[in-house]
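Quick note: residue numbers are just sequence positions, from 1.
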Amino acid sequence: GDDLDLDGICDDVDNCPATWNPDQKDDDDDGHGNLCPLADYDNDLDVDGEDLCIFTGFFEELNVWADIHDDGTVDSLDIEKFAREFGWKY
């Protein structure tokens, strides 16, 4: 299979397919590797204004996909995590 980040883990099972993380470390067991950008909603390897628009569109909704704090709702707890990733390029 494909291995976009060349970490030796095939993309279909890689917990962070765009970021090199051969150890697949996932301390909070959310299915996303510790090094993986949770706020890159459009998967363009940048956490930017486009991702902010997607994020705000889900604010105050029950949405597991957009929820980066893992409580099922996109809320103020997610803002802090989003802000930490904003401006990152991978």
Side-chain angles (χ1 to χ4, degrees):
D2 292 333
D3 183 15
L4 177 67
D5 58 12
L6 304 175
D7 62 3
I9 310 296
C10 292
D11 292 342
D12 59 340
V13 295
D14 195 333
N15 68 9
C16 193
T19 302
W20 188 83
N21 65 332
D23 64 5
Q24 299 290 286
K25 194 167 185 176
D26 179 14
D27 290 336
D28 62 3
D29 293 320
D30 67 354
H32 299 282
N34 290 356
L35 300 178
C36 197
L38 297 178
D40 183 22
Y41 295 114
D42 60 1
N43 296 313
D44 65 354
L45 303 181
D46 291 329
V47 179
D48 54 18
E50 293 174 14
D51 299 298
L52 180 60
C53 287
I54 294 168
F55 176 74
T56 57
F58 289 110
F59 197 71
E60 299 279 324
E61 289 186 12
L62 293 172
N63 188 301
V64 176
W65 175 78
D67 173 35
I68 50 183
H69 187 263
D70 294 324
D71 64 357
T73 303
V74 180
D75 55 21
S76 59
L77 298 173
D78 299 292
I79 292 173
E80 180 182 341
K81 286 192 168 194
F82 185 91
R84 276 187 272 166
E85 293 189 7
F86 191 81
W88 285 14
K89 294 184 183 296
Y90 297 89

> Is the number of heavy atoms from other residues, nucleotides or ligands within 6.0 Å of CG (Asp2) greater than 12?
Replying inline: no
> Which salt bridge (charged side-chain N to carboxylate O under 4.0 Å, His left out) pairs, counting each pair once, include a residue from residues 57-82, with sequence neighbours left out?
Replying inline: Glu80-Arg84
> Are Ile68 and Leu62 linked, directly or through other ILVMFWY residues, by side chains that come within less than 4.5 angstrom of each other?
Replying inline: no
>> I need the Leu52 CG to Tyr41 OH distance, nearest 0.5 Å.
In response: 9.5 Å
> How many angstroms lie between atom OG1 of Thr73 and atom CZ of Phe58, to the nearest 0.5 angstrom?
Replying inline: 13.0 Å
> Who passes ring-ring contact (aromatic ring centres under 6.0 Å, His included) against Phe86, sequence neighbours left out?
Replying inline: Phe82
> Going from CG on Asp5 to CH2 on Trp20, what distance comes out if it is rounded to the nearest 0.5 angstrom?
Replying inline: 9.5 Å
> How close do Asn63 and Ala66 get, heavy atom to heavy atom, and via which atoms?
Replying inline: OD1-N, 2.8 Å
> Which other residues belong to the hydrophobic cluster containing Ile9, where Ile, Leu, Val, Met, Phe, Trp and Tyr are joined when side-chain heavy atoms lie under 4.5 Å apart, directly or via other members?
Replying inline: Val13
> Mind checking whether Leu77 and Val74 sit in one hydrophobic cluster, side chains of I, L, V, M, F, W, Y counted as touching below 4.5 Å?
Replying inline: no
> Shortest non-hydrogen contact from Asp40 to Asp51?
Replying inline: C-OD1, 3.4 Å
> Does a donor on one side chain sit under 3.5 Å from an acceptor on the other, for Asn15 and Asn21?
Replying inline: yes
> Given Asp11 and Asp3, is the side chain to side chain contact (heavy atoms under 4.5 Å, CB included) satisfied, shown in steps?
Replying inline: CA-CA 5 Å; Asp11 292 342; Asp3 183 15; 4.0 Å; yes
> At what distance, to the nearest 0.5 angstrom, does CZ of Phe59 lie from CD1 of Ile79?
Replying inline: 4.0 Å
